[in-house]
Peer 1: 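Sharing a structure here in structure tokens format.
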Amino acid sequence: MQELIMTIMQDIKFYDCRVIEGSSTSIILDNGKIEELSRNFTRGAGVRALCGGSWGYTSVEGEINLKQGVEAASKLAISMNASTPKEDVELATINPPEVKNLPEIRIDPRDVSIEEKVDLLKSIEAHAKVKGINSTKVMYLESEFKVEYRSSDGIEGAYELMNVGFAVSAVASENGVYQAGRESRFGYGYEVFEKENVLELAGKAGNTAIELLKAKTPKGGEMPVVLDQELAGVFAHEAVGHAAEADLVLEGDSILENRIGEQIASPLVTIIDDPTLHKFGYYPFDAEGAQSKRTEIIKNGVFNSYLHSRETAAKLGGTPGNCRAQGYSMPVVRMSNTFIDNGDARFEEMLEEVKDGMYLIGSRGGQVNTGEGIFQFNAEKGYLIRNGELTELVRDVSLSGKTLEILNHVALVGNDLKMTAGRCGKAGQLVSVSDGSPHLAISKALVGGA
């Protein structure tokens, strides 16, 4: 590293390098037949250099010459700074990270034969294909990677991780109407297939699709609702977490700008981002070498903190640790494991609180506008709540509204936090994350339907 420092141009105030090396295995079964069976290897590096207020960035694959990478990134930064000068960028100071408490792996997926993995997927597919299911798809994904980080201010670190998991979907159709059921689980060792009853989950996906074919689309409107852990977790991630990302705040694209210290939610609401948890968004240090740490975004209804890179932490005040990248792409501010913390209410209490409304379950994606603070999420399914009890199953339902209004309409927070693994897209990059929540009772929300 010292050799690189000696050769770098004087105008460069900072540079860093991340070397990523790993491999991934993918198996896809389409209607019981192997559609894809692949194993890919990758090795590359991402290098940043900072001149004044301009970042230069370069990535290399295959044989890596970090000295050339630093020089190339430095030239880009110097050129950009000369042509379009910006206000100087300062970086918050960090200490070298400690890599400890990595997720333990009891069964290494590499010790399991491809044949055994394919047989497992075929069993999952068979259980998903309950009577009435027209098509199925099962995906197995396994990835291992090693990350090495070094920077010009002496920060160094390295770690290795391995992810493994599966996803299954089942589709049923009738009279031109298609309905799907989906389940997935991801973790850090092949034992995820022992911890979870994957065959039962596959059957659940198939039965969900069949049940939804028979369900009706309810009349929409404003009503009290109960959200299940998955849909409430999506709300925490998409509507609140993204709005708390400090780069969006600096771009003027967040409803949470200038709100630190404000009561923006019900006092029952605490929302946390925590990359130290051994969930799918785990990392020991971020893409800038900053130690991972728990951040209370909202604490007892008070907006408490943005999520930061070193640059945004220096500009807004805060602690770095949420700068991430897909592979050796340019790092940006990202979430990790984002969740609404447990309360003390039981599910039955929530149904009694809502009395007449709707129970919304699962997520099928949606849209959020962090600048205006509005969102729309599609639920997988729902149940009408009448006189405090669950009644008919309904489909094609959605939740929409204003983020801050929903946060203030939280009436009860459950005691049954559950996390869901997924991947988050931003700046053209995907990173592994998880989100979650206990059940939430909301006194007033806009539900879409017929």
Side-chain angles (χ1 to χ4, degrees), residues 208 211-212 215-241 243 255 263-271 298 300-302 339-369 372-418 420 435-450:
T208 294
E211 290 169 2
L212 286 174
K216 295 181 179 178
T217 301
K219 185 178 180 181
E222 205 168 70
M223 64 185 76
V225 298
V226 175
L227 307 185
D228 86 325
Q229 298 102 324
E230 183 177 349
L231 187 58
V234 168
F235 169 78
H237 174 101
E238 298 288 352
V240 179
I255 192 71
Q263 185 86 32
I264 64 165
S266 159
L268 299 173
V269 176
T270 292
I271 299 181
I298 296 175
N300 300 329
V302 177
F339 60 96
I340 298 174
D341 205 4
N342 265 326
D344 57 9
R346 293 178 295 107
F347 182 64
E348 292 75 15
E349 291 178 67
M350 296 184 179
L351 296 181
E352 293 172 6
E353 171 75 18
V354 167
K355 195 173 181 181
D356 294 300
M358 198 176 296
Y359 176 36
L360 299 173
I361 300 171
S363 171
R364 288 183 171 176
Q367 299 176 344
V368 62
N369 183 323
E372 297 181 22
I374 55 177
F375 67 87
Q376 188 268 329
F377 302 131
N378 301 315
E380 182 180 45
K381 60 184 180 182
Y383 287 91
L384 298 180
I385 303 172
R386 288 182 178 142
N387 200 25
E389 293 186 354
L390 297 179
T391 59
E392 300 103 292
L393 176 69
V394 292
R395 72 185 190 201
D396 304 327
V397 287
S398 63
L399 176 74
S400 59
K402 296 181 179 178
T403 302
L404 299 183
E405 286 185 0
I406 292 294
L407 287 171
N408 278 286
H409 289 157
V410 173
L412 290 173
V413 178
N415 57 4
D416 51 1
L417 170 63
K418 181 180 174 184
T420 302
D435 55 53
S437 171
H439 278 93
L440 294 185
I442 297 173
S443 60
K444 187 168 65 175
L446 184 60
V447 177

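We number each residue from 1, following the sequence as shown. Note that these values count all heavy atoms, side chains included, but never hydrogens, waters or copies made by symmetry.
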Peer 1: Counting C-beta onward and ignoring hydrogens, is there a side-chain heavy-atom pair between Lys381 and Glu211 closer than 4.5 Å?
Peer 2: yes

Peer 1: Going from CG on Leu399 to CG on Leu231, what distance comes out if it is rounded to the nearest 0.5 angstrom?
Peer 2: 6.0 Å

Peer 1: Do Ile271 and Leu407 touch side chain to side chain, with heavy atoms closer than 4.5 Å?
Peer 2: yes

Peer 1: Taking atom CG of Leu446 and atom OG of Ser400, what is their separation to the nearest 0.5 Å?
Peer 2: 4.0 Å

Peer 1: Counting heavy atoms not belonging to Glu389, are there more than 12 under 6.0 Å from its CD?
Peer 2: no

Peer 1: Examine the side chains of Gln376 and Asn378 and answer whether a donor and an acceptor come within less than 3.5 Å of each other.
Peer 2: yes

Peer 1: So if I apply the side-chain contact (heavy atoms from CB on, under 4.5 Å) rule between Phe347 and each of Asp228, Leu412, Leu390, which one comes out positive?
Peer 2: Leu390

Peer 1: Output the distance between atom NZ (Lys418) and atom CG (Asp435), rounded to the nearest 0.5 Å.
Peer 2: 12.0 Å

Peer 1: Kindly give the heavy-atom pair with the smallest separation between Ala239 and Ala243, and that separation in Å.
Peer 2: O-CB, 3.6 Å

Peer 1: Between the side chain of Asp341 and the main-chain N/O of Val269, is any donor-acceptor distance below 3.5 Å?
Peer 2: no

Peer 1: Are Val354 and Tyr359 close enough that some pair of their side-chain heavy atoms sits under 4.5 Å apart?
Peer 2: no

Peer 1: Where the side chain of His237 meets the backbone of Gly233, is there a donor-acceptor pair that is under 3.5 Å apart?
Peer 2: no

Peer 1: Short question: side chain of Glu353, backbone of Ser443 - any donor-acceptor pair under 3.5 Å?
Peer 2: no

Peer 1: Is the shortest heavy-atom distance from the side chain of Leu440 to the side chain of Val413 under 4.5 Å?
Peer 2: yes

Peer 1: Looking only at non-hydrogen atoms, find the nearest pair between Pro438 and Gly414 and report the distance.
Peer 2: CB-O, 3.3 Å

Peer 1: Locate the shortest heavy-atom distance separating His409 from Lys444; write the atom from each residue and the value.
Peer 2: ND1-O, 3.3 Å

Peer 1: Less than 4.5 Å apart, side chain to side chain, heavy atoms only: is that true for Pro224 and Ile442?
Peer 2: no

Peer 1: Under the 3.5 angstrom rule, does the side chain of Thr270 hit a backbone N or O of Asn300 as a donor-acceptor pair?
Peer 2: yes

Peer 1: Can you find a heavy atom in the side chain of Thr391 that is under 4.5 Å from one in the side chain of Tyr383?
Peer 2: no

Peer 1: Give the minimum heavy-atom separation between Leu404 and Ile255, together with the two atoms involved.
Peer 2: CD1-CG1, 4.0 Å

Peer 1: Just how far is it from atom CD1 of Ile361 to atom CD of Glu230, taken to the nearest 0.5 Å?
Peer 2: 10.0 Å

Peer 1: Spell out, as yes or no, whether a donor-acceptor pair under 3.5 Å connects the side chain of Asp416 to the backbone of His439.
Peer 2: yes

Peer 1: Within the structure provided, determine whether Ile264 and Ile298 are in side-chain contact (heavy-atom separation under 4.5 Å).
Peer 2: yes

Peer 1: Is the CD atom of Glu222 crowded by more than 12 outside heavy atoms at less than 6.0 Å?
Peer 2: yes

Peer 1: Walk me through whether Val447 and Val225 qualify under side-chain contact (heavy atoms from CB on, under 4.5 Å).
Peer 2: CA-CA 8 Å; Val447 177; Val225 298; 3.5 Å; yes

Peer 1: Give a yes or no on this: more than 12 heavy atoms of other residues, nucleotides or ligands lie within 6.0 Å of atom CG of Asn415.
Peer 2: yes

Peer 1: Counting only N and O atoms by type, is there a donor-acceptor contact under 3.5 Å from the side chain of Arg395 to the main-chain atoms of Thr217?
Peer 2: no

Peer 1: Nearest 0.5 Å please: distance from the CD1 atom of Ile340 over to the CG atom of Leu227.
Peer 2: 8.0 Å

Peer 1: Does the side chain of Pro218 reach to within under 4.5 Å of the side chain of Met358, using non-hydrogen atoms?
Peer 2: yes

Peer 1: What distance do Glu372 atom CD and Thr403 atom OG1 have between them, rounded to the nearest 0.5 Å?
Peer 2: 10.5 Å

Peer 1: Within the side chain of Glu238, is there an N or O that forms a donor-acceptor pair under 3.5 Å with the backbone of Phe235?
Peer 2: no

